[in-house]
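Just so it is clear: chains get the letters A, B, ... in the order the sequence lines come, proteins before strands, and each one is counted from 1. FYI, side chains are in, hydrogens and waters are out, and symmetry mates aren't considered; it's all heavy atoms of this structure.
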Number of protein chains: 2
Amino acid sequence: MLASVNEWTSVRGQAQDNRQSGSATLQEVARAAGVSLATASRAFNGSATRTVRPDLRERVLAAATALNYTPNANAQAMARGTTNLVGLVVHDIADPFFSAIAAGVMRAADEHGLIVTMGSTQRDPAREVEYVAALRQQRARVLILAGSRFADGETSERLGVEVAAFQAAGGQVAAISQQKLPVNTVVVGNRSGAAGLATTLHGLGYRSFAVLAGPPELLTARDRLAGFRAGLAKVGAELPAGRVVAGEFTRDGGYAAMSELLHRGTDATCVFAVNDVMAVGAMAALRDHGVRLPEEMAVAGFDDIVTLRDVTPALTTVRVPLEDLGVWALRLAVQPPADKPRTQRIRGEVVIRESTPDRSS
Amino acid sequence: MLASVNEWTSVRGQAQDNRQSGSATLQEVARAAGVSLATASRAFNGSATRTVRPDLRERVLAAATALNYTPNANAQAMARGTTNLVGLVVHDIADPFFSAIAAGVMRAADEHGLIVTMGSTQRDPAREVEYVAALRQQRARVLILAGSRFADGETSERLGVEVAAFQAAGGQVAAISQQKLPVNTVVVGNRSGAAGLATTLHGLGYRSFAVLAGPPELLTARDRLAGFRAGLAKVGAELPAGRVVAGEFTRDGGYAAMSELLHRGTDATCVFAVNDVMAVGAMAALRDHGVRLPEEMAVAGFDDIVTLRDVTPALTTVRVPLEDLGVWALRLAVQPPADKPRTQRIRGEVVIRESTPDRSS
DNA sequence: CTGTTAGCGCTTTCAA
DNA sequence: TTGAAAGCGCTAACAG
């Protein structure tokens, strides 16, 4: 995992060269400019209070250019006691859901002159904890936990401890998904979105539903299922037993869940996959089993993944502004710490497309 | 861009608290364990030569746990003169091409105990240069440049200078795509892949082609076009004038290019989009213009993006092992530096699917 | 095997 | 406005 860099330490150790050879230091720049170390430093960081005579400043900057000087961020971090590192923890960077969020985080980080480091946990809560620990070690200034919290109580607690330690060390934190930790959170309206989807589908004339529900330990999956149920209840419909199939939160998970449902035999006419990626897998399964889309089975997803907008039939879904989620999370985290963690709620917007044609007329 | 963190510096500055409050130091651990600083250090980094008496070591570790101690990576970087940071520069992290590569890099980095930081340039070569500079400032140990090099001579040169500076500072570098810099490179067989695709399509009975060629400044786009041409030439076919349309390297770029081709009017029966993302856009355009797929127009792409495997009709393409590209790049970069940059070539594999049915029979 | 000590490169008092 | 000097937390000689 995130262990042992010893092999490497020794490799460089051989050179007996402790300095980063090749990089000029501020000291050298100062000497070249004929000023003191302090003055050289001020020439770069000069604020209102600590200013440098213009000509000296010029000389320092010139010397820096000549020597191809770049400040050593690690040294700055030491001296200042703070870094400009953002740690982003995602479940799976190859999943378009997370890469969209990452794009948002990176864009916002850029605006603040922050550098983004990233860890992909492969949906393993234990690795989430490991990454947070690694980020604490890096003295990252900001930690962003993207993606569903887990139902797993044991590692959730360990995560809580680790996050608290991160905060105790002066780091700022934001989470995206559920408000399960005492940190700033961008809360996604999974329940409301799924409920809205359910009622909309009902309005379209669908009466018999099934749900490909994702892994039960993912709170996001649970919430979407619960929301869908609630939405159906509101219009007097329901989800009979045997109509909910769990599966991985991936394309293949959707494929497998749909296959199982088909295997069981079902009279559902509309299936809700709790995310778009699963929905696409479900569509493939339906096709492979000779079920016509959307005539024999309507399909809906959740997220409105951009890359998936071109599947056919076009997928009905709940749009979530994924990139914005990332932007907001960073902004929340970057605000001067308040006494209370902040919460920002976003609601998904139901988008009806061809995969769920109107049956009411 | 990657500028000004001064707002922040001042925010923390208010606190007048230079220490990362909350984090215990090795010194404190040593004191708590009743040993010297050096011994405490050895207890953690203990190698064959520098060992610590077991009981002392125990005491140190216990104290560390009690104090919730984590080494300060910045301080270690300073003292050791080297970090464990990998800087990955991509064109667009939201593009599945790059998120797949990123997944590979992160997986491989994990194996080596390295932390990955990432920058997304939005295909702007100038920002590529900026990121490399930022990574030099971080004293990253490894730099991975993923994605096509540019035809733009001016910024290419600036990139070369910056990369050289990075190397001069002791960093290791690897690129993915074309061998255009004196660094380790995973070379993608764009030409051979596109050529193979062309001959295969010809073998399938297609005779009249068009190409959605991507932006001319991207070498990857150029190479794929050139390869396709070469492949056609080999079987005595060709690409008449007006059959090549440039476009952005994105879904919308593919859509626009295809629309333009349709607008111009064409008698091509098979269109090659130089990447899958564009191909999907092209399919959407064809559909919107009422052209039946694949009967009236066959479509082929390049890359074999996993997320896009479920479009219909299934897309003929050239498979590139994207995640492996990332893994190999990191491994190349992490090897002890040699006198010569290493090169690793990978060939794409033509995958025929429904979007280009056999017309030869 | 353990402790002392000298840095790593930079920021920031504190005096001048 | 400038300079001297004291750290920031840790590693790695160098002596014991």
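- If you check every strand for non-hydrogen atoms under 4.0 Å, A:L56 touches sugar and phosphate atoms only.
- Following rounding to the nearest Å, B:N74 (CG) and D:dT11 (P) show an atom-to-atom distance of 12 Å.
- Here the side chain of A:L26 is nearest to one of C:dC10, C:dC1, C:dG9, namely C:dC10.
- Considering only side-chain N and O atoms, B:R53 lies nowhere under 4.0 angstrom from the phosphate OP1 or OP2 of C:dC1.
- Taking 4.0 angstrom as the limit, A:S36 places a side-chain polar atom (N or O) nearer than this to OP1 or OP2 of D:dG3.
- Considering only heavy atoms from C-beta on, B:V86 stays 4.5 Å or farther from B:M106 through its side chain.
- Residue A:A79 places its side chain closer to C:dC10 than to any other of D:dG3, C:dC1, C:dC10.
- Looking only at distances, a side-chain donor or acceptor of A:R59 sits under 3.5 Å from a matching main-chain atom of A:A33.
- B:E28 places a side-chain N or O within donor-acceptor distance of the main-chain N or O of B:T25, the cut-off being under 3.5 Å.
- Residue B:R42 has its side chain nearest to C:dT2 when only C:dT2, D:dG9, D:dT2 are considered.
- The interatomic distance linking A:Q137 (CD) with D:dC10 (C1') rounds to 12 Å, in whole Å.
- For the helix from C:dC1-D:dG16 to C:dA16-D:dT1, the angle separating the two terminal helix axes comes to 40°, with each axis derived from five pairs and the value rounded to 10°.
- For A:T39, no side-chain nitrogen or oxygen approaches OP1 or OP2 of D:dT2 to under 4.0 Å.
- Across all their heavy atoms, B:S99 and A:S99 have their closest contact at CB-CB, 3.9 Å.
- Of the candidate nucleotides C:dC10, D:dG3, C:dG3, D:dG3 has the atom nearest to the side chain of A:V35.
- Distance from the side chain of A:A38 is smallest to C:dT12 among C:dT12, D:dC10, C:dC10.
- Put simply, CD on A:Q76 is 5 Å from P on C:dT11, counting in whole angstrom units.
- Screening B:I144, B:L330, B:L325 for a side chain to side chain contact (heavy atoms under 4.5 Å, CB included) involving B:V186 leaves a single residue, B:L325.
- Phosphate proximity of C:dT11 to A:S41: present, with a side-chain N or O under 4.0 Å from OP1 or OP2.
- For B:D55 and C:dT2, the CG to P distance is 7 Å, given to the nearest whole Å.
- Taking atom CZ of B:F44 as the reference point, atom P of D:dA12 lies 15 Å away to the nearest angstrom.
- Note: CZ (A:R139) to P (D:dC10) measures 7 Å, nearest angstrom.
- Both B:A75 and B:V52 lie near DNA chain C, and the one whose nearest nucleotide falls closer to the 5' end is B:V52.
- Within the 4.0 Å cut-off from OP1 or OP2 of C:dT11, at least one side-chain nitrogen or oxygen of A:N45 is found.
- The nearest whole Å value for the distance from the CG atom in A:L37 to the P atom in D:dG3 is 10 Å.
- Within the model, atoms OG1 of A:T82 and CZ of A:R141 stand 4.5 Å from one another, a figure rounded to the nearest 0.5 Å.
- A:Q138 CD to A:L143 CG: the interatomic distance, rounded to the nearest 0.5 Å, is 12.5 Å.
- Distance alone, capped at 3.5 Å, places no donor-acceptor pair between the A:Q344 side chain and the A:T185 backbone.
- One can place CZ of B:R31 at 15 Å from C1' of C:dG3, the figure rounded to the nearest angstrom.
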